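All remarks here apply to the structure that follows.
We use all heavy atoms of the structure for the numbers below, so side chains are in, but hydrogens, waters and symmetry mates are not. Small disclaimer: the values here were computed from a predicted structure and weren't measured.
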Amino acid sequence: MVTAIEPLLREQLINRRHRLEDAVIDFQRPAELMRLLAEVDAALDRMDLGTYGICEVCHDSVESERLIADPLTRFCIDHLTPGQQRALEEDLELASQIQTGLLPQHYQKIDGWEVAYHYEPAGPVSGDYCDLISGEDQTLHFVLGDVSGKGVAASMLMAHLHAMFRTLTSINLPLEQMVERASRVFCESTLPTQYATLACGRANTSGEVEICNAGHLPPLLIQDGKVTSIAATGLPVGVFCSESFTVNRIHMSQGDTLFLYTDGLSESLDGTGSEYGAERLAQLLGKNNLLSPDSIVSLCRQELLAFTDGRPPRDDLTLMAIRRTK
Ligand SMILES: [Zn+2]
């Protein structure tokens, strides 16, 4: 695993070295600078010797997501010193706060639409991306995504997606082009093994909704107790740099609800090891079609908790309900 990411990490280390050298001139603390330079050089030496990414205590591999987050890491997570352990916990706490700060307002009522969501990381940080962006032209953009992998590396990619979509929605491209650009940028700036599934859409005041589903679990449309799923129209973003996407167009009337979720819901297991599944979800939504977005989201959480018998979640969970109110 480490060998796959090593060329990229080497490049990062060399870049870091150049930046440190550039900083020599106006750096206030030369001793600190020299220490950092020595650490970078030592990491490059380990790459040349073939010992890079191997824990110095147990000689097992260092977790690759930790190497991506910090290419200077020398110990696996089990062999950090108490001081390093504490620093890691503080970093995670800070990362979690930053991630929470990236989330949209919890409950939103925008011209003709009412939206509620629930975002719950399985660990300190999540690899799910959830966003609501209202445009100047009264449109509402919604995005729900799931980045490959888990933990810190996935949360960094989540932040990357967040920044990209925030920029792309401001230039008002057709939805499919927006996703195509996001996919290209994501592909060019991440490792080959990293991608994200996402369902995103744009709703306008007259009830027209465009949805682009890039390899994500089908969003469910609830109309008069009938539930239809909106299948994926493309591969996940970032799989290939030149992917193209298509868009589904639907009309939503007053009282219709669109429900989006990540696999933290559908792939949750009960005591016997069976999955919660999309079918069970569709039945629950169909029977409760009159509920407000907020109540639908709460109901799903209660059902999931009952299903898993309160066991801690194995995966990040995000739920979003969008209802047309006029
Ligand atoms: Zn170790």
### Message
Between E180 and R184, is the salt bridge (Lys or Arg N to Asp or Glu O under 4.0 Å) condition met? List the steps.
### Response
CA-CA 6 Å; E180 276 160 25; R184 192 165 63 237; over 6 Å; no

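- A donor-acceptor distance shorter than 3.5 angstrom exists from the side chain of T167 to the backbone of A163, with no hydrogens or angles considered.
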### Task
Go through I230 and L258 one step at a time and tell me if the side-chain contact (heavy atoms from CB on, under 4.5 Å) criterion holds.
CA-CA 10 Å; I230 298 161; L258 190 64; 3.8 Å; yes

### Query
Step by step, would you call R10 with D48 a salt bridge (Lys or Arg N to Asp or Glu O under 4.0 Å)?
CA-CA 10 Å; R10 182 188 288 271; D48 292 336; 3.3 Å; yes

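- Heavy-atom minimum distance, P104 versus C130: CD-O, 3.4 Å.
- V57 has its side chain out of reach of C76: every pair of non-hydrogen atoms, C-beta onward, lies at least 4.5 Å apart.
- Listed by chain and number, the residues in a ring-ring contact (aromatic ring centres under 6.0 Å, His included) with F186 are H160 (sequence neighbours excluded).
- Closest non-hydrogen pair, G127 versus A154, comes out as CA-CB, 3.7 Å.
- Panel note: side chain D316, backbone A122; a donor-acceptor pair is recorded below 3.5 Å.
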### Task
Take E243 and V237 through the test side-chain contact (heavy atoms from CB on, under 4.5 Å) and record every step on the way to the result.
CA-CA 8 Å; E243 280 176 60; V237 298; 5.6 Å; no

### Query
Hey, mind stepping through I77 and L88 against side-chain contact (heavy atoms from CB on, under 4.5 Å) and telling me if it holds?
CA-CA 9 Å; I77 203 144; L88 182 68; 3.8 Å; yes

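- Side-chain contact, T51 with R46: no donor N or O sits under 3.5 Å from an acceptor N or O.
- A donor-acceptor pair under 3.5 Å links the side-chain atoms of W113 to the main chain of N204, judged by distance alone.
- Y52 contributes a side-chain N or O that, together with a main-chain N or O of P71, makes up a donor-acceptor pair within less than 3.5 Å.
- For F259, there are no ring-ring contact (aromatic ring centres under 6.0 Å, His included) partners, not counting sequence neighbours.
- Every pair tested for ring-ring contact (aromatic ring centres under 6.0 Å, His included) that includes a residue from residues 220-254 fails, sequence neighbours excluded, so the list is empty.
- Looking at M178 and V143, their side chains never come closer than 4.5 Å, going by heavy atoms from C-beta outward.
- Between Y107 and E114 there is a side-chain heavy-atom pair separated by less than 4.5 Å.
- Listed by first then second residue, pairs satisfying side chain to side chain donor-acceptor pair (under 3.5 Å) with a partner in residues 139-152 read D137-T139, H141-R202, not counting sequence neighbours.
- Two residues are said to be in side-chain contact when any heavy atoms from C-beta on lie closer than 4.5 Å; L132 and I110 fail this criterion.
- Between atom CG of residue L260 and atom CD1 of residue I322 there is a gap of 5.5 Å, rounded to the nearest 0.5 Å.
- The CD1 atom of I133 sits 7.0 Å away from the NE2 atom of H162 when rounded to the nearest 0.5 Å.
- Judged as a ring-ring contact (aromatic ring centres under 6.0 Å, His included), and not counting sequence neighbours, the contacts of Y276 are F307.
- For the atom pair L265 CG and R301 CZ, the distance stands at 12.0 Å (nearest 0.5 Å).
- Using a 4.5 Å cut-off between side-chain heavy atoms of Ile, Leu, Val, Met, Phe, Trp and Tyr, with links allowed through other members, L9 and L36 fall into the same hydrophobic cluster.
- Under the 4.5 Å side-chain heavy-atom criterion for grouping Ile, Leu, Val, Met, Phe, Trp and Tyr, V115 is connected to M252 within one hydrophobic cluster.
- Using modelled atom types, no side-chain atom of E39 and backbone atom of L72 make a donor-acceptor pair closer than 3.5 Å.
- No more than 12 heavy atoms of other residues, nucleotides or ligands sit less than 6.0 Å from atom OH of Y195.
- Taken together through direct or relayed side-chain contacts under 4.5 Å among Ile, Leu, Val, Met, Phe, Trp and Tyr, I68 and Y129 form parts of separate hydrophobic clusters.
- Not counting sequence neighbours, Q12 has no partner by the side chain to side chain donor-acceptor pair (under 3.5 Å) test.
- In this structure, L49 CG and I54 CD1 are separated by 10.5 Å, a value rounded to the nearest 0.5 Å.
- The main-chain N or O of G238 is never found under 3.5 Å from a side-chain atom of Q194 such that the two would form a donor-acceptor pair.
- Contact annotation: the side chain of R17 approaches that of D41 to within less than 4.5 Å [non-hydrogen atoms, C-beta and beyond].
- V185 and M156 fall into different hydrophobic clusters, defined by Ile, Leu, Val, Met, Phe, Trp and Tyr side-chain heavy atoms under 4.5 Å apart, directly or through other members.
- One N or O on the side chain of T169 and one on the backbone of F165 form a donor-acceptor pair closer than 3.5 Å.
- Across V227 and A282, no two heavy atoms sit closer than the pair CG2-O, 3.4 Å.
- Residues L8 and I14 share a single hydrophobic cluster, defined by chaining ILVMFWY side chains whose heavy atoms lie under 4.5 Å apart.
- P219 and A199 get closest at one heavy-atom pair: CG-CB, 3.9 Å.
- Here the side chains of I250 and I211 are in contact, with some heavy-atom distance below 4.5 Å.
- In terms of heavy-atom proximity, F142 sits nearest to E210 at CZ-O, 4.4 Å.
- The existence of a salt bridge linking R323 and D294 is excluded, since no basic side-chain nitrogen approaches an acidic carboxylate oxygen closer than 4.0 Å.
- Considering only heavy atoms from C-beta on, D270 stays 4.5 Å or farther from D309 through its side chain.
- Around atom CZ of R280, more than 12 heavy atoms belonging to other residues, nucleotides or ligands sit under 6.0 Å away.
- Distance CG/L281 to OG/S229: 10.5 Å, rounded to 0.5 Å.
- Looking at every heavy atom in both residues, K326 comes nearest to D111 through NZ-OD1, 3.1 Å.
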### Task
Decide salt bridge (Lys or Arg N to Asp or Glu O under 4.0 Å) for E89 and R86; before the verdict, give the C-alpha distance in whole Å, the side-chain angles of both, and the deciding distance to 0.1 Å.
CA-CA 5 Å; E89 280 161 16; R86 218 170 23 251; over 6 Å; no

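- The backbone N or O of F75 sits less than 3.5 Å from a side-chain atom of R66, completing a donor-acceptor pair.
- By the 4.5 Å heavy-atom criterion applied to side chains, T262 and L144 are counted as neighbours.
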### Task
Check step by step if side-chain contact (heavy atoms from CB on, under 4.5 Å) holds for R181 and I171.
CA-CA 12 Å; R181 284 208 197 178; I171 53 177; 3.8 Å; yes

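- For the atom pair CD (E21) and CZ (R16), the distance works out to 14.0 Å, reported to the nearest 0.5 Å.
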